[in-house]
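Naming convention: chains lettered A, B, ... in sequence-line order (proteins, then strands); numbering from 1 in each chain.
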There are 2 protein chains.
Amino acid sequence: MRITAVEEYGLRCLLNLARAGRGKQMSISEIAESEGLSVPYASKLLSILRKAGLVQAVRGRSGGFRIARDPGEIDLYEVLFALGGPLIDPDHCQKHSGQLDQCVHTEECSVQGVLGGLAGYVQSFLAGTSLQEIVDGRPCTMARQSTAAFEISDTAHSDELRSGVVDDPAGN
Amino acid sequence: MRITAVEEYGLRCLLNLARAGRGKQMSISEIAESEGLSVPYASKLLSILRKAGLVQAVRGRSGGFRIARDPGEIDLYEVLFALGGPLIDPDHCQKHSGQLDQCVHTEECSVQGVLGGLAGYVQSFLAGTSLQEIVDGRPCTMARQSTAAFEISDTAHSDELRSGVVDDPAGN
DNA sequence: ATAATACTTTACAAAAGTGTATTGTTTTAG
DNA sequence: CTAAAACAATACACTTTTGTAAAGTATTAT
């Protein structure tokens, strides 16, 4: 589970336009240079954002992009959904049924339950964060209350590697 | 942002052993058949779980796998971290600096801030959910309070596609 | 002992994701 | 009208992930 490159860079490109403001426009070159991306790559990302209705393009010699709505009216869920789709595929059980015809957990797909719960949890965070809040540098309430725990997270689990092969087959 | 195949299937394999219980063991064949996976693939997943210390292997003719600790003592964060690593790479700004030498947002990396907040938020969910809770089919409190919102999520954003090309370059 | 069973490791092919290159279309400055 | 500037679309190479295949190691029933 991770943030994809398209989501990361696409969000950054959009934030440039959010910082510029509702009416101002920037060219692909300006955005690409600002984020250290190649022009063709930034172009691809902005094309995705345009098709999602998040930015508007102006063609021609004095063209460029501008944000489609007020940054305060665009939430992070809409942005990440446009760039990377949903956290869990709608027809999840169809695709993840292995070699069987249908989901192996038809009676009680507990995996589906917990991952669906996670997806909803994540969405509540994303939908509660607007681009304006990110530009202003004040993450939403939910973020601040759990950031501290994340800081010490990785090391806590990284040194748990061991052989896993036991000497006692009986389990006593 | 999505759950990877290894995370999904790895978790499912581990849940089989969690359902079997602390002392019981299952062979790769049994687990593979139970989840509709090929034996070699299940073998690879269980190997990852073993190296992470989550399961123990018994070799030889009457061998198999069993869960290393009580399912109530294993949380979902540890499992997903073992199978797919952290949500955000520790040296994030080094890798995502584009063509520049250092992160383009050194003064105020607002993207890093909000995504770090998201990672912490997700972790609080995962760390608060044990395998036992999943087996019992009762998602943790955090899941239930936000599941309803997820149900109606996808359709709400899917029909926002438009051309994005405006007829009014001036923006009036 | 030996064969059967089960885990281990490595290698590899197919698919998806990432980023670049190229060519085309649109608009405007002159 | 023409050339320059800027967005649009497609194709392609590269990398990572995914899943399979095959050969190897370890244990035990007989």
Side-chain angles (χ1 to χ4, degrees), chain A residues 1-10 12-13 17 25-33 35-52 55-66 83-85 89 95-99 162-171, chain B residues 1-10 12-13 17 25-33 35-51 55-66 83-85 89 95-99 162-170:
Chain A
M1 186 176 152
R2 59 175 218 283
I3 302 288
T4 68
V6 168
E7 287 168 341
E8 162 95 30
Y9 293 134
R12 291 192 173 204
C13 289
L17 296 174
Q25 78 180 31
M26 295 176 71
S27 70
I28 293 181
S29 305
E30 289 174 309
I31 297 172
E33 185 182 15
E35 292 299 330
L37 304 173
S38 70
V39 171
Y41 192 33
S43 176
K44 173 184 285 189
L45 298 173
L46 286 162
S47 179
I48 296 173
L49 294 171
R50 177 179 57 79
K51 288 169 184 166
V55 303
Q56 294 175 321
V58 177
R59 301 185 68 161
R61 178 156 177 160
S62 59
F65 287 90
R66 62 168 186 260
L83 291 166
D89 208 294
K95 293 187 177 177
H96 293 83
S97 59
Q99 302 171 329
R162 28 180 156 146
S163 120
V165 178
V166 295
D167 302 316
D168 174 20
Chain B
M1 186 173 153
R2 59 173 220 282
I3 303 288
T4 68
V6 168
E7 287 168 341
E8 161 96 31
Y9 293 135
R12 291 193 173 202
C13 289
L17 296 173
Q25 76 180 33
M26 295 176 73
S27 69
I28 292 181
S29 304
E30 290 175 309
I31 297 172
E33 185 182 15
E35 292 299 331
L37 304 174
S38 71
V39 171
Y41 192 33
S43 177
K44 172 183 286 190
L45 298 172
L46 286 162
S47 179
I48 296 173
L49 294 171
R50 177 178 59 78
K51 288 168 183 166
V55 302
Q56 294 175 322
V58 178
R59 302 185 66 160
R61 177 156 178 160
S62 59
F65 288 90
R66 62 167 184 261
L83 291 166
D89 208 293
K95 292 186 179 178
H96 294 83
S97 59
Q99 301 171 330
R162 23 177 161 150
S163 114
V165 178
V166 294
D167 301 314
D168 175 21

Next on the checklist: So if I take every side-chain heavy atom of A/S62 and compare against C/dT28, D/dG19, C/dT18, which nucleotide ends up nearest?
Outcome noted: C/dT28
Checklist outcome for this item: CG of A/L37 to CD1 of A/I31, rounded to nearest 0.5 Å, is 10.0 Å
Item to check | Partners passing side chain to side chain contact (heavy atoms under 4.5 Å, CB included) against B/S27 (at least two apart in sequence or in another chain) | outcome: B/S29, B/E30
Item to check | Main-chain N/O of A/R50 paired to A/Q56 side chain as donor or acceptor, under 3.5 Å | outcome: no
Next on the checklist: Taking the side chain as everything from C-beta on, heavy atoms only, tell me whether A/R66 gets closer than 4.5 Å to A/V58.
Outcome noted: yes
Checklist entry - Is any side-chain nitrogen or oxygen of A/S38 closer than 4.0 Å to OP1 or OP2 of C/dT20? => result yes
Which atom pairs link the protein and nucleotides 22-26 of chain C when you take only N or O atoms and keep those under 3.5 Å?
from	atom 1	to	atom 2	distance (Å)
C/dT25	O2	A/R59	NH2	3.0
C/dT26	O4'	A/R59	NH2	3.4

Checklist entry - If you check the A/K44 side chain, which of C/dA11, C/dG19, D/dC7 turns out closest? => result C/dG19
Checklist outcome for this item: Contacts of A/S43 and B/R2 projected onto DNA chain D by closest heavy atom; the upstream (5') one is A/S43
Item to check | Whole angstrom value for the distance that separates C1' of C/dA6 from CZ of B/F65 | outcome: 9 Å
Item to check | Atom pair distance, as rounded to whole Å: CG in B/L45 and P in C/dT9 | outcome: 15 Å
Checklist entry - In terms of side-chain heavy atoms of A/R50, which of C/dT8, D/dA8, C/dT18 is nearest? => result D/dA8
Item to check | All side chain to side chain contact (heavy atoms under 4.5 Å, CB included) counterparts of A/S43, not counting sequence neighbours | outcome: A/I28
Checklist entry - Expressed in angstrom and rounded to an integer, what is the separation of B/L46 atom CG from D/dT20 atom P? => result 15 Å
Next on the checklist: For B/S62, is there any backbone N or O sitting under 3.5 Å from a side-chain donor or acceptor partner on B/Q25?
Outcome noted: yes
Item to check | Rounded interatomic separation in angstrom, taking CD from B/Q25 and C1' from C/dA6 | outcome: 10 Å
Checklist entry - Rounded to whole angstrom units, what separation is found between the CD1 atom of B/I28 and the P atom of D/dT20? => result 14 Å
